[in-house]
Amino acid sequence: MSPLADLLSLDLSGCTGKIIAEYIWVGGTGMDVRSKARTLPGPVEDPSKLPKWNFDGSSTGQATGDDSEVILCPQAIFKDPFRRGNNILVICDCYAPNGEPIPSNKRYNAARIFGHPDVKAEEPWYGIEQEYTLLQKDTNWPIGWPLGGYPGPQGPYYCAAGAEKSYGRDIVDAHYKACLYAGINIGGINAEVMPGQWEFQVGPSVGISAGDELWAARYILERITEIAGVVVSFDPKPIPGEWNGAGAHTNYSTKSMRSEGGYEVIKKAIQKLEARHMEHIAAYGEGNERRLTGRHETADINTFVWGVANRGASVRVGRDTEKEGKGYFEDRRPASNMDPYVVTSMIAETTILSKAGLSNGK
């Protein structure tokens with residue numbers, strides 16, 4: 001190994017009890033993950049035991065220069081797959097010095113919804129399918145694609161193996177293992193329909209933890225692609241034309257849906273989602289109109305339709321759920337660049353707390 005690699009792999013446990021905590025937060029664009037590290041006197045497992053910290057919000061689009069301090073509040077801890085040992089990754093949310101959540105803090109409202117007694121009683125489960133595209137660093141063109149050109153049409157690439165069909169597997173597997181090491185409830189990975197595009201699944205996760213885990217997984221992916229010298233894109237339609245876009249299909253169930261008679265609960269929940277369709281669309285990711293065209297395994301953005309095993313629907317119900325009369329459904333509308341705190345809490349609020357869609361005999 002090189003001297004630099006030797007230093008990066010140093011095991012500090014034999015010479016100090018101190019640990020490194022990487023504080024992670026969502027920046028001003030709503031998709032940029034930021035982080036900085038600090039030394040702590042020893043291992044910590046409870047985020048409430050971690051000190052609050054601060055950063056220059058004027059440099060992240062989250063404060064003005066004349067009042068730039070933003071407070072970081074630790075909310076979730078994961079093992080650090082880069083430094084290893086007792087070192088940790090810390091998911092934080094952001095507050096003004098007076099204790100008020102800043103506008104880009106989407107976790108605060110999500111925690112309020114998930115803390116509602118009616119929502120807690122339903123134990124909402126989520127499984128989020130995060131699609132993303134790997135791009136060549138200097139050209140912002142998908143890896144494996146001819147420079148300035150196009151590969152063969154879609155068809156051979158989905159879940160494929162082979163050098164002419166699968167691009168970036170080493171990055172994807174490194175991310176998979178790093179997430180498992182971190183303690184993220186990652187369910188699996190697969191190559192997607194467009195070459196150079198991949199997916200990982202987080203869940204089933206309960207309530208606010210789905211958002212914490214997805215943001216931690218996104219951060220780890222950003223770090224791994226940084227090491228590999230490629231760019232990860234969460235754009236919902238990175239390549240225009242006859243190519244699949246990138247979504248974040250969100251699978252969802254409540255305790256009532258998972259119990260006997262749950263299929264009827266699911267159908268009522270879908271009616272509520274239909275009644276607030278455009279409200280959800282507005283919160284489901286920037287640029288989603290380029291993806292939700294009614295083509296390439298999507299429903300039209302202005303139309304709500306649901307069906308069993310229908311991947312061209314807004315909401316899909318699985319065959320097993322229909323057969324068993326209980327289970328979960330999949331909201332296929334969220335874009336790959338959605339905020340998981342917003343999407344998961346909004347689905348819970350609409351389906352559990354809202355009465356919308358149930359008037360007029362629905």
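Hydrogens, waters and symmetry mates are skipped; everything else that's a heavy atom, side chains included, is used. All values derive from a computational prediction rather than experimental measurement.
- With a 4.5 Å cut-off on side-chain heavy atoms, Ile184 and Phe200 do not count as touching.
- Pairs engaging residues 196-205 under the side chain to side chain donor-acceptor pair (under 3.5 Å) rule: Thr133-Gln197, Asn190-Gln201, Glu199-Gln201, Ser205-Glu213 [sequence neighbours left out].
- Applying the salt bridge (Lys or Arg N to Asp or Glu O under 4.0 Å) rule to Glu330 yields the partners Arg316, Arg332; only residues at least two apart in sequence or on another chain are considered.
- Sorted by first and then second residue, the salt bridge (Lys or Arg N to Asp or Glu O under 4.0 Å) pairs with a member in residues 226-235 read Asp235-Arg290; sequence neighbours excluded.
- Listed by chain and residue number, nothing satisfies the ring-ring contact (aromatic ring centres under 6.0 Å, His included) test with Tyr157 (two or more places apart in sequence, or in another chain).
- Here Lys36 does not pair with Glu22 in a salt bridge; the nearest charged N to carboxylate O distance is not below 4.0 Å.
- Residues that satisfy the ring-ring contact (aromatic ring centres under 6.0 Å, His included) test with Trp141, not counting sequence neighbours, are Trp145, Tyr150.
- Under the salt bridge (Lys or Arg N to Asp or Glu O under 4.0 Å) criterion, the residue pairs touching residues 101-113 are Arg107-Asp212, with sequence neighbours excluded.
- Qualifying side chain to side chain contact (heavy atoms under 4.5 Å, CB included) partners for Lys18, counting only residues two or more places apart in sequence or in other chains: Thr16, Thr39.
- With sequence neighbours excluded, the residues forming a salt bridge (Lys or Arg N to Asp or Glu O under 4.0 Å) with Glu242 are Arg295, listed by chain and number.
- Under the rule for a salt bridge (Lys or Arg N to Asp or Glu O under 4.0 Å), Asp93 has no partner lying at least two apart in sequence or in another chain.
- Judged as a salt bridge (Lys or Arg N to Asp or Glu O under 4.0 Å), and not counting sequence neighbours, Glu45 has no contacts.
- Counting only residues at least two apart or on different chains, no salt bridge (Lys or Arg N to Asp or Glu O under 4.0 Å) pair has a member in residues 130-147.
- For residues 68-80, the salt bridge (Lys or Arg N to Asp or Glu O under 4.0 Å) pairs, not counting sequence neighbours, are Asp80-Arg83.
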